[in-house]
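I have placed the structure first, in the form of structure tokens, so that the comments after it can refer back to it.
As the structure lists them, so they are numbered: ligands from 1, and atoms in each ligand from 1. Just so it is clear, the model here is predicted, and its values are computed rather than measured. Computed from heavy atoms alone, side chains included, the values below leave out hydrogens, waters and symmetry copies.
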Amino acid sequence: MPKLKAVTEDHPPRLRDEDAAPPRGAPSGAALEKAFDKQAERLKDLQKVFYADGRFALLVVLQGRDASGKDGVIKKVLGAVNPMGCEITSFKTPSEEERSHDFLWRIHARVPARGTIGVFNRSHYEDVLVVRVNDIVPRKVWSKRFDQINEFEHMLSLNNVVILKFMLHVSRDEQKKRLEDRLADRTKNWKFRAGDLKDRANWEGFTKAYRDVVTKCSTPWAPWYVVPADDDDVRNLLVARTIADALEALELRYPKAEKGVRELAIT
Ligand code: ADP
């Protein structure tokens, strides 16, 4: 199965319904399970040295429509790493205090420290997605945010924050199935919000907004990846492999032991 490729001019995002299906060559069944376990093992090992190395922070941004699998990625992919080196933030509708600041204020406060993996479950991109589609602020405000986001992320990257952004791309039919599941299963009812249906009704509006996001804000320092997300396990494999590859590329190393440590005897 081909690796995920960052969105670039030469690799524009594919956001049709059929693009949410597993890519050609994707494994299934036991082979898929085995492939995922291998990536999970890689991630676990890489995170250990990432934490010890301490030079970089890793920020993983997850965006996607309702029921696209953001929570699933956190549970399964990040579940593979030591929780001690991980920090998950779910961004909700901003509070009154948050709204009285610039839109990046609450975001910056949650950027992970070096040695740590930070995951954003929704993010500053809501400020050019839901905020745009639902007319929460005027166009002249949100349209300037793409550049502001790129500059913010550039500043972070200059400060050793490695940024990977995943848009979990689910098809209309698959989302319908998952939302129906939430209604049918009493233990999932709580996840259902009437607002989800409003967002679903404006499918095209969100597609347009997502297209702008991943096109305008995929940069060499903070790439966007569109993940075919109709199959949970394939989605997890693709995300896990991309994160592991990015960590590996950092050429991480364990810090040198203090002088004389190796000669110490424990009595
Ligand atoms: P989730 O759907 O992520 O599991 P919730 O059901 O609590 O969690 O939804 C969070 C809601 O907060 C979403 O509808 C999202 O669009 C909204 N939200 C997040 N950030 C913003 C923002 N900056 N402005 C307006 N709404 C936002």
Side-chain angles (χ1 to χ4, degrees), residues 20 59-79 86-111 118-150 152-153 165-172 174-183 185-214 216-217 224 227 229 232 235-236 239:
L59 174 58
V60 175
V61 172
L62 299 176
Q63 283 287 159
R65 297 175 199 263
D66 293 305
S68 58
K70 300 184 288 295
D71 294 0
V73 167
I74 292 171
K75 188 170 153 191
K76 190 79 195 201
V77 179
L78 278 303
C86 232
E87 226 172 67
I88 320 274
T89 308
S90 295
F91 288 98
K92 310 281 185 186
T93 312
S95 66
E96 206 176 314
E97 189 190 15
E98 287 169 343
R99 261 183 288 128
S100 68
H101 290 270
D102 68 272
F103 76 104
L104 292 169
W105 181 73
R106 66 172 184 162
I107 305 296
H108 202 170
R110 304 299 302 166
V111 169
V119 182
F120 285 179
N121 181 9
R122 301 188 188 270
S123 65
H124 41 308
Y125 285 97
E126 292 291 322
D127 292 285
V128 280
L129 286 164
V130 70
V131 164
R132 165 186 180 172
V133 177
N134 292 344
D135 277 327
I136 297 173
V137 303
R139 170 180 284 265
K140 70 174 197 308
V141 174
W142 62 254
S143 62
K144 296 196 183 102
R145 288 181 173 167
F146 300 107
D147 286 343
Q148 292 165 10
I149 289 173
N150 286 343
F152 169 67
E153 291 177 351
K165 301 178 297 198
F166 297 97
M167 181 213 162
L168 308 183
H169 174 48
V170 74
S171 70
R172 232 187 133 126
E174 182 60 29
Q175 190 199 44
K176 182 164 191 267
K177 258 191 243 157
R178 294 181 188 181
L179 291 177
E180 281 170 351
D181 251 22
R182 285 186 184 177
L183 281 182
D185 182 343
R186 287 181 61 133
T187 68
K188 289 185 183 166
N189 278 179
W190 64 275
K191 276 197 178 190
F192 199 90
R193 291 180 312 113
D196 295 351
L197 292 184
K198 187 168 150 247
D199 292 352
R200 176 173 167 79
N202 195 355
W203 191 270
E204 290 308 328
F206 274 96
T207 304
K208 201 166 150 216
Y210 265 111
R211 187 180 304 285
D212 274 354
V213 159
V214 300
K216 292 179 192 290
C217 296
W224 267 111
V227 187
D232 294 353
R235 171 202 75 205
N236 292 340
V239 172

- Task: Determine whether Phe103 and Gln148 make a side-chain contact, defined as any pair of heavy atoms from C-beta on separated by less than 4.5 Å.
- Result: yes

- Is the shortest distance from a Lys or Arg side-chain nitrogen in Lys177 or Glu174 to a carboxylate oxygen in the other one below 4.0 Å? yes

- Query: Would you say Asp127 and ligand 1 have an N/O pair spaced under 3.5 Å apart?
  - Reply: yes

- Taking every non-hydrogen atom, the tightest pair across Ser95 and Glu98: N-OE1, 2.9 Å

- Item | Pairwise side-chain contact, Val130 with Glu126, heavy-atom cut-off 4.5 Å (strictly under) | yes

- State whether Lys75 and Asp232 are salt-bridged, where the test is any N-O pair (Lys NZ or Arg NE/NH1/NH2 against Asp/Glu carboxylate O) under 4.0 Å. no

- Query: Taking only heavy atoms of Pro94, which atoms of ligand 1 are found under 4.0 Å from at least one of them?
  - Reply: 21 (C), 22 (C), 23 (N), 24 (N), 25 (C)

- Message: Counting non-hydrogen protein atoms only, what is the nearest one to atom 7 (O) of ligand 1? Give residue, atom name and distance.
- Response: Lys92 NZ, 3.0 Å

- Quick one: does ligand 1 sit under 4.0 Å from the side chain of Asp66, the backbone, both or neither, non-hydrogen atoms only? side chain

- Which bit of Val130 is near ligand 1, meaning a heavy atom under 4.0 Å away: side chain, backbone, both or neither? side chain

- Item | Under-4.0 Å salt bridge between Arg178 and Asp181 | no

- Answer with yes or no whether Ser90 contacts ligand 1, where contact means a heavy atom under 4.0 Å from a ligand atom. no

- What is the closest protein heavy atom to atom 12 (O) of ligand 1, and at what distance does it sit? Thr93 N, 3.1 Å

- Query: Any idea which atoms of ligand 1 are less than 4.0 Å away from a heavy-atom of Arg106?
  - Reply: 20 (N), 21 (C), 22 (C), 23 (N)

- Task: Report the part of Lys191 in contact with ligand 1, treating N, CA, C, O as backbone and CB onward as side chain, heavy atoms under 4.0 Å; options are side chain, backbone, both, neither.
- Result: neither

- Item | Arg235 bridged to Asp71 by N-O distance under 4.0 Å | no

- Query: Any nitrogen or oxygen of Asn121, main chain or side chain, under 3.5 Å from a nitrogen or oxygen of ligand 1?
  - Reply: no

- Query: Of the choices Arg99, His124, Arg65, Arg122, which has the non-hydrogen atom that lies closest to atom 1 (P) of ligand 1?
  - Reply: Arg122

- Ring-face cation contact, Phe206 with Arg65, 6.0 Å cut, 45° max: no

- Query: When you measure from atom 14 (O) of ligand 1 to every protein heavy atom, which one gives the shortest distance, and what is it?
  - Reply: Arg193 NH2, 3.0 Å

- Message: Which residue and atom name correspond to the protein heavy atom nearest atom 16 (O) of ligand 1, and how close is it?
- Response: Glu126 OE1, 2.9 Å

- N-O pairing of Glu204 and Lys208 below 4.0 Å: no

